[in-house]
Enquirer: 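I am attaching a structure below and will ask some questions about it afterwards.
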Amino acid sequence: MAFEGLTERLQNAMKKIRGKGKVTDADLRETMREIRLALLEADVNFDVVKNFVKTVRDRASGTKVLEGLNPAQQIVKIVDEELTKTMGEEAVPLNKSDKIPTIIMMSGLQGAGKTTTVGKLANKLKTDEKARPLMIAADIYRPAAIDQLVQVGEQIDVPVFEMGTDVNPVEIVRKGLEKAAEDHNDYVFIDTAGRLQIDEQLMQELSDIKELAHPDEILLVIDAMTGQNAVATAEGFDKKLDITGVVLTKLDGDTRGGAALSIRAATGKPIKFVGQGEKMADLDVFHPDRMASRILGM
Amino acid sequence: ANFRHVDEAFFDDLEEALIESDVGFETAMKISDSLREEVKIQNAKRPQDVQNVVIEKLVDIYEEAGKNENNQIEFAPEGPTIILFVGVNGVGKTTTIGKMAAMYKKQGKKVLLAAADTFRAGAIQQLNEWAVRDGVDIVKHKEGGDPAAVVFDGVKKAKADNYDVLFVDTAGRLQNKVNLMNELSKMKKIITREIPEAPHEVLLVLDATTGQNALNQAKLFKESTDVTGIILTKLDGTARGGIVLPIRNELHLPVKFVGLGEQVDDLRPFKPQDFVYGLFKGLIEA
Ligand SMILES: Nc1nc2c(ncn2[C@@H]2O[C@H](COP(=O)(O)OP(=O)(O)OP(=O)(O)O)[C@@H](O)[C@H]2O)c(=O)[nH]1
Ligand SMILES: Nc1nc2c(ncn2[C@@H]2O[C@H](COP(=O)(O)OP(=O)(O)OP(=O)(O)O)[C@@H](O)[C@H]2O)c(=O)[nH]1
Ligand SMILES: [K+]
Ligand SMILES: [Mg+2]
Ligand SMILES: [Mg+2]
C-alpha cells in the first residue's frame, strides 16, 4: 500500500526541523501530526489515536529527545515502546481450568473467523498437549454452519457435538457439556453464530450460554482488517460478556492491523492469538512487539 | 456539536465523523474543505440549510467520481448473463449470491449457481442450502475439487439449458496471495473462453467494517479480474463503509448493492443519498 511507515514520515518531518537547529513547539506539533496520520492510516481508532498521541507527546517533551542526535529515531522508539506497552508487552496464554474440561466460548461479528479459529485452537491443543477436545456446534442460523464445523472436525480428527438446527443453542450447549463430561474431554469449544454487538436478542443468547457454561475463556474473534468500528465492536461484546481474550484473524493479509491497538485500548483484554491463514496450522501466539512494528510500518 | 453552530468546531466534528466512518484522513480533509467552501458560497446559516448543503455536496462529490458509470447489473442481450463474485474471506459473497438469486428468480429469470469455492469447509453445502431455499439450480463438484472445472461446467450448463443468469461463487482470498489471485484470473478466462462477452459482471464484495485495507482489496482484485462493481455488505451494523469514497475516487467502481442483514430480503440497490447521510449520521442526531 502507498502508506508510508512512521519512520519515513518522521524522518521527512524532522528534515525540515533540523535545518533550523532548534526544535520549537510548532515542530513538536508537526511531529505529533505525523504520528497521528500514520496511526489513522493503519486504522487505529480516532479516539484511541488522540489519547495515544497525547501520551507520546508528554513523554517526548518531558525528555530531551528533540535535541538529541537523531530525534526522528528517538521518537519512533518512544512510539514503538508505548504501542507495545499498550498492547500488553507479553504473550498471554489460554486460561485453563483446574479440573477438566476447560471451556472456551467464541464470540464475534459475522465472518470474523470464529469457526476456523475453533478448529485451529483445538488442533493446536491436540498437537501441543495431546488434548482431547470436543467442539460444540451452537450456530443454528448460518446456512451449513454445522457442516462447516463437522468438516473442520474431520480434518483435525476432533469430535463435533451437534443437534441440527431445530434446537435452541443454549440447549445444544447443555447437552454438549453433558456429552463432554461422559467422554472426559479436557477441552470444550463452543462455536457460536456471528452476530452484531447491537443485536440485543442474539447478544442475550450469548449471555445465556455463558451463564450456563461458565466458560474459562470467552474469546472475541476480530478481523484484522477492521477499521474504525473495532472499538464499538469490542466494547459491545465486552460489556455484555466480559470477554477474557481476543483472537485477531486474517493477519496473513497486507493490512496494518491498527484494530489491534483499538481493541486493546478499548477493553484492556489481551490479544492471545493471531490467525495467519485458512489452514488449521495457521495460528500463532500474539506478540505485542511484532504487532507494534507492523502497525508502524517498520 | 450539531448544526446549530456552524463554526470551525463544527467542521472539526465533521472531519472526525468522516474519519470514524472509515473515509480515511486525506479524503476526510478534502471533503471537509470543499464543504466549507460550499457552505460559504450558499451562505447557509440555519442548521437545516447547512445540513442540506452538506448532504447535497457530498452526493455531488460521490457522483462526480462516477460519471458515465453503470450502477445497474449488466445483462447479456441474449444468452446467459454470467456474474462472478470475488472478495476476501468472510465478507458475504455466498450470502449475497443467495439474496440476488432469489431476487432474479422472483423476477421470473431462470437462475443457476456454480459452487466454485471447493476449498473452505462447508462452502459447497452453504451455497447448496441457498439454492434449496431460493428454489434455483446449482452446479457443484466434490470438496477439494478443481474450482476451474466447476466454472467450466457451470457455464456449459447455463448455455445448454438456457439459463438467464449464472452466479459463480468463489473462495474468499486475501489480495496479497499471488497464487490465489492467479487462480481467480484463470477462472475468469475460462468463462470468457466459453462466452466472449462474459463475465458480464465481476462483483467485488466488501465488508463495510473494513478499514483502509479495502482500497488495496479493490486495487488488486480489479487488476486480476477487472471488477465491474462493488457490493457493500453488513451495513446493518455500526460501520458505515466510508472506504467506498476513496475507492471511487481512485478506481471509479460503482457500488451496485448493499447488504443489510443475513436474510434473503436484506439486499438493496445502492442509494448515494442514504449512504452519504449514514457517514455522519451521529453528527446530525447529536
Ligand atoms: N486468510 C485467512 N482467512 C481466514 C483466517 N481465519 C478465518 N479465515 C477465513 O475467513 C472466512 C470466515 O471464517 P469463519 O471461520 O467461517 O468465520 P465465522 O466467524 O465462523 O463466520 P460466521 O459463523 O458466518 O459468523 C473463511 O473463508 C475462513 O477460511 C485467517 O487467519 N486468515
Ligand atoms: N449482518 C450481516 N451479516 C451478513 C451480511 N452478509 C453476509 N453476512 C454474514 O456474514 C457471514 C459471512 O458470509 P458469507 O456469505 O459466508 O461470506 P463469504 O464471503 O462467502 O465467505 P468465504 O466464502 O468464507 O470467504 C455469514 O455469517 C453471513 O450470514 C450482511 O449484509 N449483514
Ligand atoms: K469480516
Ligand atoms: Mg462460524
Ligand atoms: Mg463463501
Side-chain angles (χ1 to χ4, degrees), chain A residues 1-3 36-37 40-47 49-50 109-113 115-116 119 141-155 193-199 222-233 236 249-250 252-259 277-278, chain B residues 15-17 19-26 28 88-95 98 119-130 132-133 143 171-177 180 207-217 219-220 233-234 236-243 261-263:
Chain A
M1 188 161 278
F3 292 160
R36 209 162 72 106
L37 284 189
L40 283 175
E41 284 188 349
D43 286 321
V44 180
N45 176 272
F46 189 87
D47 290 329
V49 170
K50 255 199 290 193
L109 296 179
Q110 289 93 344
T115 307
T116 308
Y141 308 104
R142 168 180 167 164
I146 298 175
D147 293 298
Q148 183 185 359
L149 191 65
V150 167
Q151 280 182 30
V152 164
E154 281 163 7
Q155 280 175 29
R195 65 202 74 209
L196 299 171
Q197 81 280 2
I198 50 170
D199 184 332
I222 293 202
D223 185 325
M225 295 175 277
T226 309
Q228 294 291 315
N229 204 41
V231 163
T233 305
T249 61
K250 310 181 199 176
D252 46 323
D254 55 12
T255 185
R256 280 280 166 81
E278 297 189 70
Chain B
E15 280 159 18
E16 185 176 334
I19 290 171
E20 286 177 339
S21 299
D22 290 314
V23 161
F25 182 81
E26 262 176 54
V88 300
N89 308 80
V91 287
K93 295 174 290 299
T94 308
T95 307
F119 177 75
R120 208 209 64 215
I124 299 170
Q125 286 91 332
Q126 185 186 1
L127 191 71
N128 189 61
E129 201 165 316
W130 276 105
V132 172
R133 281 187 187 182
E143 201 199 329
R173 65 202 74 218
L174 298 177
Q175 70 277 7
N176 60 334
K177 307 273 169 87
L180 295 179
D207 181 332
T209 53
T210 313
Q212 302 306 299
N213 191 252
L215 188 57
N216 245 13
Q217 295 174 21
K219 273 185 197 150
L220 293 179
T233 60
K234 310 188 193 175
D236 48 323
T238 46
R240 292 166 181 178
I243 188 64
E262 301 184 74
Q263 304 307 316

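A quick note: this is a predicted structure, and the numbers were derived from the prediction, not measured. Chain A is the first sequence line, chain B the second, and so forth, proteins listed ahead of strands; every chain is numbered from 1.
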Enquirer: Do you know which of A/L37, A/N45, A/L40 has the most heavy-atom pairs under 4.5 Å to chain B?
Expert: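 The option with the most such pairs is A/L37.
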Enquirer: Of the backbone (N, CA, C, O) and the side chain (C-beta and beyond), which part of B/E129 lies under 4.5 Å from a heavy atom of chain A, both, or neither?
Expert: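 Just its side chain gets close to chain A.
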Enquirer: Side chain, backbone, both or neither: which part of A/D252 has a non-hydrogen atom closer than 4.5 Å to chain B?
Expert: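 Interface part for A/D252: both.
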Enquirer: Checking B/Q126 against chain A: side chain, backbone, both or neither under 4.5 Å from a heavy atom?
Expert: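 Contact with chain A is through both the backbone and side chain of B/Q126.
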Enquirer: So does A/A144 get a backbone contact from the side chain of B/Q125, meaning a donor-acceptor N/O pair under 3.5 Å?
Expert: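 It does not hold such a pair.
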Enquirer: Let me know if A/E154 has heavy atoms under 4.5 Å from chain B in its side chain, its backbone, both or neither.
Expert: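 Answer is neither: A/E154 stays 4.5 Å or more from chain B.
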Enquirer: B/I124, B/N128, B/I19: which one forms the most heavy-atom pairs within less than 4.5 Å of chain A?
Expert: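 Most heavy-atom pairs within the cutoff with chain A belong to B/I19.
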Enquirer: Give, for atom CG of A/D223 and atom CG of B/D207, the distance between the pair rounded to the nearest 0.5 Å.
Expert: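 The distance works out to 6.5 Å.
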Enquirer: Would you find more than 12 non-hydrogen atoms of other residues, nucleotides or ligands less than 6.0 Å from B/E26 atom CD?
Expert: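 Counting other residues, nucleotides and ligands, CD of B/E26 stays at 12 neighbours or fewer.
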Enquirer: Please tell me whether B/T238 and A/N229 have a donor and an acceptor in their side chains that are separated by less than 3.5 angstrom.
Expert: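 A donor-acceptor contact under 3.5 Å links the two side chains.
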Enquirer: Determine whether the side chains of B/N213 and B/Q175 contain a donor N or O and an acceptor N or O closer than 3.5 Å.
Expert: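 Checked: B/N213/B/Q175 side chains pair up, N/O donor to acceptor below 3.5 Å.
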Enquirer: To the nearest 0.5 Å, tell me how far B/K234 NZ sits from A/L109 CG.
Expert: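 Here the interatomic distance stands at 7.5 Å.
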Enquirer: Between A/D147, A/T249, A/I146, who has the most heavy-atom pairs with chain B when the cutoff is under 4.5 Å?
Expert: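 Heavy-atom pairs under 4.5 Å are most numerous for A/D147.
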